[in-house]
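Here's the structure, in structure tokens; my notes come after.
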Protein chains: 2
Amino acid sequence: MQDASDRDGAETLTAGDGESQIAYKLRLAQIAAYRAFEERVTGYGKAPRYLGLLMIIGANPGSNQSSLAEAVGLRRSSLVAILDQLERDRIVRRDPAPDDRRSKAVRLTGHGSRVLKELTEEAEAHEAALTRGIPEADLAILRAALDRIILNMRALDMPAANAAADRTDSLSRS
Amino acid sequence: MQDASDRDGAETLTAGDGESQIAYKLRLAQIAAYRAFEERVTGYGKAPRYLGLLMIIGANPGSNQSSLAEAVGLRRSSLVAILDQLERDRIVRRDPAPDDRRSKAVRLTGHGSRVLKELTEEAEAHEAALTRGIPEADLAILRAALDRIILNMRALDMPAANAAADRTDSLSRS
DNA sequence: TATTGTTATACTCTATAACTATA
DNA sequence: TATAGTTATAGAGTATAACAATA
């Protein structure tokens, strides 16, 4: 009798093994973290949801929409409505590109820069809450492990990268 | 000049700081891992997407739909279509509950058990690919850190849990 | 011909509210 | 009255395909 079929039923059900898997913990942690951040920044409208995009725009002012779409992993058609919203909220601006009349140069507005700055500070506070109680040495290992996982998973998509990933095996702690 | 506005534009854009944040890496890792798993198990229909649910059903046979919905964090109305699909695919069965004629006892079918077993093996292979090149000692730290993050984030929702989380600070490496 | 931004459209996932049958 | 399962409906979020303007 390894299951819980004879229990009370009052507590929340669990999924036997599987819960010890890193892939599973990763998913739970990400969902909880994402939800907590959204709750922290209630009142900033839709901007928090697109913080990654805003950071990219801030770090690469004047980029066109196709580049931005690729950077955040969306189709360029999907980005249109997002930029419409952010433009409506005066967070970003679409200027004519200087060199190519098909393109638009996307930039943060003055207000957008201030919002990004505030959200970045919120993200730092969120990061502190997230990592509370984890020793600094462990955080370094956590960071390296997450980087390696990202590398490992992307290697599956582009098999050519496998050899490169293998070569870093012995260097992963550098 | 700290941005990349004067670059070629050929490479993929990046988001300055922010990318060093654990919250950010967590999101990238989870997205990449989820995508890789779905690609690995193409051919199993919709079951892989609901692997967590299937594990819970497998570990708690005869549970009713409300309990299952709560366990996976969905409204019970949202679970209906999912179970419809899984029942259509002969993965699960909805039997009348023995004690309460409003409830249904959800169970894996024989075929569902076999599918779950195979998917569990696929998940283990996925886990191996995920953690490739990460030393066992670091994996233990990674697991503990992810658990702590989940705890930290949930504590924000239920402030009463803060004290409990704090008390485990010095025990987090046990 | 190829690319940029855009529109129209559809699909997936989830939520809310209201219903039914039981309790 | 309250609960379990269900339905109808709506709202995000993203994708595909086709289009006009420009390269």
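Throughout, protein chains are lettered first and strands after them, A, B, ... in sequence-line order, and every chain is numbered starting at 1.
- Side-chain contact check for Tyr44(A) and Glu118(A): at least one donor-acceptor pair (N or O, by modelled atom type) lies under 3.5 Å.
- Side-chain heavy atoms closer than 4.5 Å link hydrophobic residues (I, L, V, M, F, W, Y) into clusters, and following such links, even through other members, never connects Leu74(A) to Tyr24(B).
- For Gln65(B), a side-chain nitrogen or oxygen approaches OP1 or OP2 of dT6(D) to under 4.0 Å.
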Between side-chain atoms of residues 28-41 of chain B and protein atoms elsewhere (two or more places apart, or another chain), which donor-acceptor pairs fall under 3.5 Å?
residue  : atom : partner  : partner atom : Å
Glu38(B) : OE1  : Arg49(B) : NH2          : 3.2

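- Atoms CD (Glu70(B)) and C1' (dA4(D)) sit 14 Å apart, rounded to a whole Å.
- For Asp84(A), the CG atom sits in a packed shell: over 12 heavy atoms of surrounding residues, nucleotides or ligands are nearer than 6.0 Å.
- The nearest heavy atom of DNA chain C to Asp84(A) and to Ser103(A) marks one nucleotide each, and the one closer to the 5' end goes with Ser103(A).
- One atom, CD of Gln85(B), and another, P of dT14(C), lie 13 Å apart when rounded to the nearest Å.
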Pull out every protein N or O sitting under 3.5 Å from an N or O of nucleotides 10-17 of chain D, one pair per line with the distance.
residue : atom : partner  : partner atom : Å
dG13(D) : OP1  : Arg49(A) : NE           : 2.8
dG13(D) : OP1  : Arg49(A) : NH1          : 2.3
dA15(D) : OP2  : Arg75(A) : N            : 3.3
dA15(D) : OP2  : Ser78(A) : OG           : 3.1
dA15(D) : N7   : Ser78(A) : OG           : 3.4
dT16(D) : OP2  : Arg75(A) : NH1          : 2.6
dT16(D) : OP2  : Arg75(A) : NH2          : 3.4
dT16(D) : O4   : Ser77(A) : OG           : 3.0

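- Residue Ser66(B) places at least one side-chain N or O closer than 4.0 Å to OP1 or OP2 of dG5(D).
- Closest approach of Gly16(B) to Ala59(A), counting heavy atoms only: N-CB, 3.9 Å.
- One atom, CG of Asn64(A), and another, P of dA2(C), lie 19 Å apart when rounded to the nearest Å.
- Taking every heavy atom of both residues into account, Leu116(A) and Leu54(A) meet most closely at CD2-O, 3.7 Å.
- The closest donor-acceptor contact from the side chain of Gln65(B) to the backbone of Arg76(B) lies at 3.5 Å or more, if one exists at all.
- The separation between Leu79(B) atom CG and dT6(D) atom C1' is 12 Å, rounded to whole Å.
- Under the 4.5 Å side-chain heavy-atom criterion for Ile, Leu, Val, Met, Phe, Trp and Tyr, Ile134(B) and Ile150(A) are members of distinct hydrophobic clusters.
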Distances under 3.5 Å between nitrogen or oxygen atoms of protein and nucleotides 19-23 of chain C:
residue : atom : partner   : partner atom : Å
dA23(C) : OP1  : Arg101(B) : N            : 2.9

